[in-house]
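What follows is a single structure, written as C-alpha cells, with notes after it.
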There are 2 protein chains.
Amino acid sequence: MNRSPKNIQARVEHLAERCRETGMNVTPQRVAVYRALLESEDHPTPEMLYQTVSREMPSLSVATIYKTLDALVSLGLVRTVPVDGDRRRYDANDETHHHLVCSSCGKVRDYTSVEFDALVPPRRVAGFAPKSVSVTLTGTCDDCNGSGKGGD
Amino acid sequence: MNRSPKNIQARVEHLAERCRETGMNVTPQRVAVYRALLESEDHPTPEMLYQTVSREMPSLSVATIYKTLDALVSLGLVRTVPVDGDRRRYDANDETHHHLVCSSCGKVRDYTSVEFDALVPPRRVAGFAPKSVSVTLTGTCDDCNGSGKGGD
DNA sequence: ATATATGCAAAGCTTTTGCTGAAGA
DNA sequence: TCTTCAGCAAAAGCTTTGCATATAT
C-alpha cells in the first residue's frame, strides 16, 4: 500500500477524526501504534509492535498495545489478518489486498493481484451472510526455502 | 467433503499406513482424533476435539490432543485453517475448498465454489514460492445475525 | 523386549483485566 | 474539571514440555 509520509499523515489525521467522533482521546500511544502499523510491511504481531514502538516511547506497556489494537479495530482502521499460527497479526491496509504466508517461519506479506481483487463474495450462502473475500497464498519465503538460514 | 463411513474408514486406514511408514504407532487416540476431525464440519479447535473425543475415551488428555494434532499435521493428513482468532483450528479435508468465517462468533465452515476452486497460485512471486490458495469469506452467520435464517 | 506414546502436572506464552495515577478535552 | 487512558501487575487462557507409566509392534 501507499506508505508515503503524506498518506500516512493523512491516515493519522483520519484516526484523530474518528477518535473525536467516538469520544475517544487522541493519545500519543494510539498515534504511534497506528503509525507503526501503517509503516510496517509485515503484518506485525502485538509483540513486534511493542518492540518497534517502545523504541521511541520507552514507557509504553504491552497492555497498551493490546488495548490500542482493540480500539483501532473497533474504529475500523485496522483488522486482524487471517493466518495460521498462534499469534495475532494486524493490518492497517484498507485497500483490497491478499496475503502471502510462509508456512515455515510464519512471515506474512501483502499480495496484490488483479485476478484476486476481482473476486466478489456470493450475495448469500445458506446460513451465512458473506461480506468480504480474502485470498491467502501459503508457501515458503526465500529465507526459509533458499537455504537453511532460518528465515526471520 | 465426503463424510461417508466408507470414505472415513479408508482415510483411517491411510492414517495407519502413514504411521507404519514413519515408524509411528497406530494408537486408538490417533485414530479417534483423526476420525473426529474427519467427521466434523466445523474445523474444531483442540478444545472442541477434546470435548468430542473424550466422550468416547474418557482417559484422553488435552496434551495428547495437541501432540496428536502435531503428528497428524506432520504426516500431512491434517492442516490448520487460516482464520482470524486466537485459537487454532484444524481441518482434515484434503479436497480443494474454502472457508466461511463468522466475524462475530468465530464459527468456521467449509465453502466450496467452482469459481474459487479454479484459482491457481502464481508460479512465482518475488521472494516467495506459493504452493496453495485458500479463500476466506468473512461475514456473519445467521445465529449471530439474529435475523432471517431464510437460506438464500 | 524395545521403542514409542499417553497422561499428568507444571511451565511457558500470549492476551485480558482491575486498578490507580496521569493525561486529554 | 471531568472523563478517558496508560501503565502496572496479577490473572486467565491456550499450548508445550518433562517424566513415569502404559501400550504398540
(request) Mind calculating the distance between OH (B:Tyr66) and C1' (D:dG18) to the nearest angstrom? (result) 18 Å
(request) Assign a letter to each nucleotide of nucleotides 3-11 of chain D from its 5' end: B, base within under 4.0 Å of a protein heavy atom; S, sugar-phosphate only; -, no contact. (result) -BSSBBB--
(message) Can you tell whether the side chains of A:Arg18 and A:Glu21 come within less than 4.0 Å, N to carboxylate O?
(response) yes
(request) On DNA chain C, reading 5' to 3', which nucleotide is the first and which the last to sit with an atom under 4.0 Å from a heavy atom of chain A, could you check? (result) C:dT14 to C:dA25
(message) Using a heavy-atom cut-off of 4.0 Å across all strands, would you classify B:Val62 as base, sugar-phosphate, or nothing?
(response) nothing
(message) Any carboxylate oxygen within less than 4.0 angstrom of a Lys/Arg side-chain nitrogen, looking at B:Arg30 and B:Asp70?
(response) no
(request) Check whether more than 12 heavy atoms from other residues, nucleotides or ligands sit under 6.0 Å from atom CZ of B:Arg123, and answer yes or no. (result) no
(request) Ignoring hydrogens and angles, state whether a donor on the side chain of A:Ser4 or A:Asn2 is under 3.5 Å from an acceptor on the partner side chain. (result) yes
(request) For the pair B:Arg11 (side chain) and B:Ala92 (backbone), establish whether a donor and an acceptor sit closer than 3.5 Å, ignoring hydrogens and angles. (result) yes
(request) Figure out the OH/P separation between B:Tyr50 and D:dT16, and round it to whole Å. (result) 17 Å
(request) Determine to 10° how strongly the helix from C:dA1-D:dT25 to C:dA25-D:dT1 is bent, judged from the axes of its five-pair ends. (result) 40°
(message) Would the distance check show the side chain of B:Ser103 and the main-chain N or O of B:Gly139 forming a donor-acceptor pair, the cut-off being under 3.5 Å?
(response) yes
(request) For the pair A:Arg89 (side chain) and A:His43 (backbone), establish whether a donor and an acceptor sit closer than 3.5 Å, ignoring hydrogens and angles. (result) yes
(request) Please report, rounded to the nearest Å, how far the P atom of D:dT15 is from the CD atom of B:Glu47. (result) 9 Å
(request) Establish, from distance only, whether the side-chain atoms of A:His97 and A:Asp117 form a donor-acceptor pair under 3.5 Å. (result) no
(request) Decide ring-ring contact (aromatic ring centres under 6.0 Å, His included) for A:Tyr111 and A:His98; before the verdict, give the C-alpha distance in whole Å, the side-chain angles of both, and the deciding distance to 0.1 Å. (result) CA-CA 5 Å; A:Tyr111 178 65; A:His98 309 285; 7.5 Å; no
(message) Please determine whether residues A:Tyr50 and A:Met48 belong to a single hydrophobic cluster, defined as Ile, Leu, Val, Met, Phe, Trp and Tyr linked transitively by side-chain heavy-atom distances below 4.5 Å.
(response) no
